[in-house]
4 protein chains.
Amino acid sequence: MSTTQEQTGWLASDELESARERLPIVYVDAVPVRIDDLGQVVSVGLLLRARPDGTISRAVVSGRVQYGERIRDALLRHLEKDLGSVALPRLPVSPSPFTVIEYFPSPDVSGFHDPRQHAVSLAFVVPVAGDCRPSQNALDLVWMSPEEAVSDAVISEMTGGQDRLVRLALAHSGMLP
Amino acid sequence: MSTTQEQTGWLASDELESARERLPIVYVDAVPVRIDDLGQVVSVGLLLRARPDGTISRAVVSGRVQYGERIRDALLRHLEKDLGSVALPRLPVSPSPFTVIEYFPSPDVSGFHDPRQHAVSLAFVVPVAGDCRPSQNALDLVWMSPEEAVSDAVISEMTGGQDRLVRLALAHSGMLP
Amino acid sequence: MSTTQEQTGWLASDELESARERLPIVYVDAVPVRIDDLGQVVSVGLLLRARPDGTISRAVVSGRVQYGERIRDALLRHLEKDLGSVALPRLPVSPSPFTVIEYFPSPDVSGFHDPRQHAVSLAFVVPVAGDCRPSQNALDLVWMSPEEAVSDAVISEMTGGQDRLVRLALAHSGMLP
Amino acid sequence: MSTTQEQTGWLASDELESARERLPIVYVDAVPVRIDDLGQVVSVGLLLRARPDGTISRAVVSGRVQYGERIRDALLRHLEKDLGSVALPRLPVSPSPFTVIEYFPSPDVSGFHDPRQHAVSLAFVVPVAGDCRPSQNALDLVWMSPEEAVSDAVISEMTGGQDRLVRLALAHSGMLP
């Protein structure tokens, strides 16, 4: 591993594979929302993307925290990667996530499933004030009302527990229908 | 009481006095902060104002919730009243306060003291992005770093438990020195 | 009003009626749960009781905070009143409620409805370790799994937003199905 | 690595060393407290132990989350390891930590320091109801009031940011002096 890799926190692909079989990996999940002037959630942003289980499904912003990286920096990096550089995310003041999602290779342990790894993910609701353009892995981004986001039609497009994560985020925001 | 008063939630002065001797009054406390792009608290705003105990001291934004008024509306109203109309406060997404402050007429019950009443106050940390100008009752507004805000010199300028409220807000934000 | 009434926080019935038309009233809501050794919610306790809207419906523990009373004392008092004196409730360490419920006389403002008053209620999830016997106003107490508690059949037995309150409590506990 | 090791989440010592240079490691911190019947913190438990920086200092319960292990199981395992098997810890109902501590090999990044690794630690306040006996690595366990726990004398016995963690825990509990 080169010095540059070490400093930036990137692992060679095979090293990451190896670590994923032996250690829980630190993740962040960010549920992007639009809010009104009173701070109330008006709509939820869901990406359309290839999921680790091979499906194309709706999902929130998510990604790994690198070695040496602050949680806040990882949040901002993944938000910009998935929503573009002018999304203007408003990162939370408190370091405490609204929930912790435990993804396991087996779908039966927690109901949250990632076939690649055991990931411990800190989940945040993040208001975005700017223009969002899905980038890189994301194929599409749609904004929907809290009611739509928990509708049967939308839930059927989510896998791995993403639908539950959205409901938990809405509950935290006091907007679970 | 006129219809207008009822609808706006205002009480005649003597009616409010009477209620204050018999019921806990619902309040909101808002600790105004400046944050950086990563959401971290950079400075805390403290007003200089006449406190209910007759002192002139440093304090956060605070006020009563009126009949029929939503918590979020009360927060916004008091923030605009104390910081001006272009403070651009970012109200929290979650309805859950970071702490609940119980003010009692006796200073010994909880350490939070309001000689006028028993108040139950929902406390929030509120980032403000715009220009702040102290208005109405506030004589002055100063911004200080977390370190300054918990210094002995500043603590000595706060009464009624306001210094503890500031420390609780910084702890919630992960920035208690 | 007698001295005794003042000290205990009780109001004469007509005085309370009058205050209820002019001020938001401070309440606590407690969602009683059974937990396992790991702290996970196994079942939710729902009372069967006469609700302020005149229906008989399923509801959580709820009640007013009196003048001079600490939130924690009010929580314990209402839990003992509704679940009996040997329920052994484990009050939360943090004073911060998991959500704040705003009950309004009109069902349209927040979705939480109390025809008698505008109440601001601090909501807590409270594990109970002892024997529970519904007392006073409660006609019955049933324990049900998180899945049952959010089933259509049970939701149809709840009014005034109590079903949403139960879902918010389960979401906070990480157990929303 | 043997199958048994893989299943239990243990790594060979050199593999853990290697991973620690490349990935943030998932940890839990538990601040043990004694509470009264109203849930209020009466005292804080601090261990005396050898810290990763080589000092003997006061510290809270802390440890790594293993591959395949739930956060709750890791919390219980480390509490039993440090406080003994009859401490009767009351694990939190909510999966959300009251704060997240980011330990870095450099003391300057976050103020929380672990020379061995970059650790992301989910921090919980955990009431214990039973008898506590320090075991394994812990040399001693003392209970002290919130006032003592934040006194200059006790703070001087803590390194790596443990004193700040204790203050954050007390603030979350509403008991920061």
Practice prompt. Identify the residue among Val61(C), Leu83(C), Leu75(C), Val126(C) that makes a side-chain contact (heavy atoms from CB on, under 4.5 Å) with Pro89(C).
Written response: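 So, applying the side-chain contact (heavy atoms from CB on, under 4.5 Å) to Pro89(C) and each of Val61(C), Leu83(C), Leu75(C), Val126(C), only Val126(C) qualifies.
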
Discussion item. Testing Val26(B), Val65(B), Ile71(B) one by one against Glu102(C) for a side-chain contact (heavy atoms from CB on, under 4.5 Å), which residue passes?
Written reply: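 Result: among Val26(B), Val65(B), Ile71(B), Ile71(B) is the only option passing the side-chain contact (heavy atoms from CB on, under 4.5 Å) with Glu102(C).
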
Discussion item. Quick check on Arg70(C) against chain B: is it the side chain, the backbone, both or neither that has a heavy atom closer than 4.5 Å?
Written reply: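 For Arg70(C), heavy atoms of backbone and side chain both lie under 4.5 Å from chain B.
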
Worksheet item: Where on Ile101(C) is there a heavy atom nearer than 4.5 Å to chain B: the side chain, the backbone, both, or neither?
Response: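 For Ile101(C), no heavy atom lies under 4.5 Å from chain B.
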
Worksheet item: Most heavy-atom pairs under 4.5 angstrom with chain B, which of Ser110(C), Ser94(C), Ala123(C)?
Response: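 The option with the most such pairs is Ser110(C).
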
Worksheet item: What orientation do Tyr103(B) and Phe112(B) show, parallel under 30°, tilted 30 to 60°, or perpendicular over 60°?
Response: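 Geometry flag for Phe112(B) against Tyr103(B): perpendicular rings.
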
Item to complete: For the pair Phe98(C) and His172(C), name the ring-plane relationship: parallel under 30°, tilted 30 to 60°, perpendicular over 60°.
Response: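 If you compare the ring of Phe98(C) with that of His172(C), the planes turn out parallel.
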
Worksheet item: chain C: which of Ser106(B), Pro24(B), Ser96(B) shares the most heavy-atom pairs with it under 4.5 Å?
Response: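 The option with the most such pairs is Pro24(B).
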
